Amino acid sequence: MKRRFSLLCICLLSIQMLFATQPNDGDKKRDSFRGKKPKYVFYFIGDGFGLSQSNATEAYMAAVNDSEGIQKLAMNTFPIQGLYTTYAQNQFITGSAAAGTALSTGNKTSIGTIGMDASKQKPFKTIAEKARDKGYRVGIVSSVSLNHATPASFYAHQPSRGRYYDISVDMGKSQFNFFGGGGIMHPEGDGKSNKKNKAANIGMAGNKKIKGKKENSLKLAEKQGYTIVNTNEAFHAIKSGDDKIIAINETLAGGQSLPNGIDQKEGDLSLGDYTQKAIEVLENKKGFFLMVEGGKIDWACHANDAVTAINEVIQFDQAIQKAIAFYHEHPKETLIVVCGDHETGGLTLGFSGSHYKSNFKLLENQKNSNGVFNAELKKLKKQDASFDAVLQAVRKNYGFDGEEKSTKLSEYELAQLKQAYNESFDKGEQIANKDQYYQLYGAIDPITITASHILAQKAGIGWTTFSHTATPIPVRAMGPGSTLFNGYFDNTDLPKNIEMLMKL
Ligand SMILES: [Zn+2]
């Protein structure tokens, strides 16, 4: 009886502890905060950036340097590390618009909605707009298009993320001091709703033939006082004191984005370059708010492309290092917050076929991103290339059958590639079942995705989805006010913390 009673006590205590850790204590923490407050705030958001993306990168960096375990990313040396939930108001697994709105306004909203409530009626004022109104300088940097969901969530108020044109018009209206990175999707409108265009949902849609063109939103922005910069030369000429700049990368990849880190050429500007330039433009006595998005971690993870995602995380971390350098000049006044909007791909560091083995170094053998390899496949398709010719291209891009035994393709893997070739090149027996087809290949070329999966699996990496997941996301923070980011809370707490700290 006594034992039963103590068991009951333990159970009740556990239940109590469970509730105590529910993410509902953010307000209390903010109310009791008495520490120093920052003047300069950096808000780094990795799109599709979960704990596995972070740890896979650290394992990869250690492996390529022939050392054990992990090599820490700069962001993971921050003294404060917390965790938060990401669910949207109408869906447990969130999307970039709802997550971006949560991170920019402290409010949950519905999937696809930018800076408005779930019913798409009421706009929410964002922390960037509040910072602007309080006299802080404001900057928005992204490696994807500047009117993509995450950056848009800081300045736009639109019922749908697919309204690229309307979002880009909101950009000029914002009067923020600096925008930099990718280009503009549909600056003259798209003549139709993007709702049914799946590719547009991840920002990959190209500009289609436009019926009923609208006034170019960049031209509109110029009328509102902005200078548009779109060459490397003009970018390097931007200096401190310059204002109202929209800096678009000279070289743009699909979806108006910066080229992937893995595909970048000598002289290409990186997310770090844009972050550094933003700091130069924004620095002033009153203070600033700078949001930097590593947007293509998400894209690489939608494509289940491990090493491309890892290189994007490295690019993101290099941008964070620019903020860390600034922090060291102004340690008492600088807060750096690094987070993600959600995880993408269900990436995990283990796979049934590789048992307990990991071999992250193998990933280094991949030459180009899945996106670049897709373009190569298109050319091969035009020539109606044989399986052997395609296999040769696969071996070259993904580093199969090198000198090491671990890179050799097994009979099973070759059969998977043959099946993928049949699907992609419309040869032999096809998979009739749509569900089966989607689970194998998603919306990606069957050959690319199969090769990418085989390489990941050989490295000991598994992917579970072509979409997002709902796993909690880590936040790292450093500087005055950073202790507020310690604990387990909700994504809406992050901007609420910043708002309180900047007295917005
Ligand atoms: Zn996202």
Side-chain angles (χ1 to χ4, degrees), residues 23 45-50 53 84-128 142 144-168 170 185-186 190 192-205 255 291 293-303 339-347 438 442-443 464-473 489-496:
I45 303 175
D47 204 311
F49 184 50
Q53 281 76 3
Y84 57 94
T85 47
T86 66
Y87 58 91
Q89 190 161 326
N90 61 342
Q91 194 171 285
F92 191 60
I93 299 179
T94 195
S96 295
T101 301
L103 291 172
S104 68
T105 73
N107 292 286
K108 296 281 188 200
T109 191
S110 47
I111 296 297
T113 308
I114 301 279
M116 298 183 86
D117 74 332
S119 68
K120 303 173 186 288
Q121 302 297 317
K122 192 183 124 212
F124 295 130
K125 200 166 181 180
T126 75
I127 50 171
S142 177
V144 299
S145 69
L146 295 171
N147 53 344
H148 207 256
T150 307
S153 298
F154 285 81
Y155 63 81
H157 306 278
Q158 294 294 341
S160 166
R161 60 176 291 174
R163 292 196 177 190
Y164 285 109
Y165 177 76
D166 298 327
I167 291 170
S168 67
D170 282 351
M185 295 280 287
H186 307 303
D190 60 1
K192 64 172 183 62
S193 165
N194 264 322
K195 225 178 172 181
K196 284 188 180 150
N197 186 343
K198 266 189 188 170
N201 291 333
I202 52 167
M204 302 292 205
M291 192 290 293
E293 186 204 18
K296 293 185 82 171
I297 303 165
D298 175 70
W299 293 12
C301 291
H302 275 292
C339 63
D341 61 346
H342 51 74
E343 196 275 342
T344 303
L347 173 68
Y438 182 79
T464 62
T465 176
F466 298 106
S467 306
H468 301 165
T469 71
T471 55
I473 301 296
F489 37 86
D490 186 58
N491 58 1
T492 51
D493 283 304
L494 274 69
K496 284 179 188 167

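Residue numbers run from 1 in the order of the sequence given. Every value quoted in this text rests on a predicted model; they were computed, and no experiment measured them.
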For side chain to side chain contact (heavy atoms under 4.5 Å, CB included), just list the numbers for I167 and Y155, CA-CA rounded to whole Å, side-chain angles, deciding distance to a tenth of an Å, and then say yes or no.
CA-CA 8 Å; I167 291 170; Y155 63 81; 3.5 Å; yes
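- Between Y84 and T492 the shortest side-chain heavy-atom distance does not fall below 4.5 Å.
- Looking only at atom types and distance, the side chain of S96 has a donor-acceptor partner in the side chain of D47 under 3.5 Å away.
- Counting heavy atoms from C-beta on, the side chains of H148 and Y164 come closer than 4.5 Å.
- Side-chain atoms of N90 and S110 form no donor-acceptor pair, as typed in the model, at a separation below 3.5 Å.
- Here the side chains of D490 and K108 are in contact, with some heavy-atom distance below 4.5 Å.
- Taking the six-membered ring where tryptophan is involved, the planes of H468 and H342 are essentially parallel, since the angle between them stays under 30° and well short of 60°.
- Considering all non-hydrogen atoms of both residues, D117 and S119 come closest at OD2-OG, 2.9 Å.
- At least one side-chain heavy atom of Q53 sits less than 4.5 Å from a side-chain heavy atom of C301.
- For K496, there are no salt bridge (charged side-chain N to carboxylate O under 4.0 Å, His left out) partners, not counting sequence neighbours.
- Aromatic ring orientation, F92 versus Y87: parallel (interplanar angle below 30°, classes split at 30° and 60°).
- Separating the OG1 atom in T113 from the CD atom in Q158 is a distance of 11.0 Å, to the nearest 0.5 Å.
- Checked against salt bridge (charged side-chain N to carboxylate O under 4.0 Å, His left out), D170 has the following partners two or more places apart in sequence or in another chain: K173.
- For the pair T126 and H157, the minimum side-chain heavy-atom distance is below 4.5 Å.
- Residues passing the side-chain contact (heavy atoms from CB on, under 4.5 Å) test with T469 are E343, T465, T471, sequence neighbours excluded.
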Go through the steps for T101 and M116 under the test side chain to side chain contact (heavy atoms under 4.5 Å, CB included), then give the verdict.
CA-CA 8 Å; T101 301; M116 298 183 86; over 6 Å; no
